[in-house]
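Below is one structure, written out as structure tokens, with a few remarks after it.
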Amino acid sequence: MSFFEKSSRLLAGDEAHIWHPYAPAPSSIAPHLVESARGTRLHLADGREVIDGMSSWWAVIHGYNHPVLNQAVSDQLEAMAHVMFGGLTHEPAVRLAEKLAAITPSGLSRVFFCDSGSVAVEVAIKMALQYWMSRGREGKKRLLTIRGGYHGDTFGAMSVCDPVNGMHHLFSEVLMPQFFAAAPRCRADADWDGRDLEEMENILEAHSDEIAALILEPIVQGAGGMRFYCPEFLRQVRSLCDEYDLLLIADEIATGFGRTGRLFACEHAGISPDILCLGKAITGGYLSFAATLTTEAISQVISTRGLKMLMHGPTFMANPLACAVALASIDLLESYPWKQRVAAIENGLEKGLFPCRELAGVKEVRVLGAIGVIETREPVPVQEVQDRLLAQGVWLRPFGRLLYTMPPFIASDGEIEQITKAMFRALSA
Ligand SMILES: *Cc1c(COP(=O)(O)O)cnc(C)c1O
């Protein structure tokens, strides 16, 4: 069978049998077939080689097919690919838990491993609810969040996604009703305005007895709109949570592991949450994996009162391959001056994307760490823009009124320039 025949057969099979994310079946836009990937590049079956400006949705921070990460997976494969975690434990899980406890914001020393970001959010919600049940505060069952958030696609996570951009209108009858406060408008501490907290304070004043936890994405609201906000807001939220007796859940699934220029986005505000969700880049993009961390005090309340256990346990919990590659990915990050690299990417994104402000149809351009966002006035015509980007050797996936990039940290200055130029041209056409 010729190369071309093989590709056509695979694409026909995809069309016949597969469901892609947020898509009808078959997809309205035919997917591109990827043969392999190495470094920053995807090798498409039609012979094109393109830079992945998405890091496969924030995850592939060190690039594809990395020799160190490959080695970590194959070494672990020799020992065991998987083993159940009920009643058993293993070195990769123990070492990874120790590592995460050491590098995350202070106080988070107890780690629950899960299989994906959405599940990490479900576990965080469950921890918060069980914490208050164990303390006899049965009334505290609901969550407070800010508008514009994204926390995943499972039902608990969906209930705290933005009520307009999210799927509330579809599932309003089944989603747990939660409290929503205004998203912060301040971009930097310099323009901090206390009015950003008014709605939240009003909700807390009236309902804090019903609220178990406040959940938000620190500093960067990702898939809910790619917005950045000022650290002062996060500091104020931390003290409101203490004042009104609720737990703070930081969802760092997108921001964790260096993306914003700090190892964790909470560091911009110098705060520690009570519960932290990690995912996406945790394995360097090798395997689906996530973790929910909490403090010893919270874990002790859940473990010593009421049911005396956390009621969760995924089949593939703490998968050894995932733990091993996560450890290797964190070691790899710590092995080079990644902060300088992310700062250089930030510079390159600013230099290349700020000129897009002059383009008709562009509403705003914003850059933070290794994240570059162009917000347009009208929805981006996905296929057209994607084809123009691919013709310039760049893979991006716009959604709604957003064309954005979060490249792998190993992207060179030249590659950042190629990405930003392609974005400029794709929107100026
Ligand atoms: C992607 C994401 C999730 C969901 O993670 P999945 O692995 O896709 O389930 C949750 N929260 C945030 C902030 C995310 O970016």
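We number each residue from 1, following the sequence as shown. Order of listing sets the numbers, starting from 1, for every ligand and every atom in it.
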**Request:** With heavy atoms only and a cut-off of under 4.0 Å, state how Trp57 meets ligand 1: side chain, backbone, both or neither.
**Result:** neither
**Prompt:** Going through the checks in order, is the salt bridge (Lys or Arg N to Asp or Glu O under 4.0 Å) test met by Asp191 and Arg187?
**Reply:** CA-CA 7 Å; Asp191 46 62; Arg187 299 299 170 82; over 6 Å; no
**Message:** Does the plane of the ring in Phe257 sit parallel, tilted or perpendicular to the ring in Phe264? Use 30° and 60° as the thresholds.
**Reply:** perpendicular
**Request:** Look at the rings of Phe113 and Phe289 and say which category their plane angle falls in: under 30° parallel, 30 to 60° tilted, over 60° perpendicular.
**Result:** parallel
**Item:** NZ/NE/NH1/NH2 to OD/OE distance under 4.0 Å, Glu252 and Arg259
**Value:** no
**Asked** Taking 4.0 angstrom as the limit, do Arg41 and Glu415 come out as a salt bridge?
**Response** yes
**Message:** I need the nearest protein heavy-atom contact for atom 5 (O) of ligand 1: residue, atom name and distance, please.
**Reply:** Gly117 CA, 3.2 Å
**Prompt:** Starting from atom 8 (O) of ligand 1, which protein heavy atom do you reach first, and at what distance in Å?
**Reply:** Ser118 OG, 4.4 Å
**Fill in**
To atom 11 (N) of ligand 1, the nearest of Val160, Asp251, Val119 on a heavy-atom basis is Asp251
**Item:** Nearest neighbour of atom 14 (C) of ligand 1 from the list Lys280, Glu122, Glu252, on a heavy-atom basis
**Value:** Lys280
Close-contact set for ligand 1 against [X] heavy atoms, below 4.0 Å:
X: His151; result: 10 (C), 11 (N)
X: Gly152; result: 4 (C), 10 (C)
X: Glu217; result: 13 (C)

**Message:** Looking at Tyr336, I'd like to know if the NZ or CZ of Arg341 sits under 6.0 Å from its six-membered ring centre while staying within 45 degrees of the ring's axis.
**Reply:** no
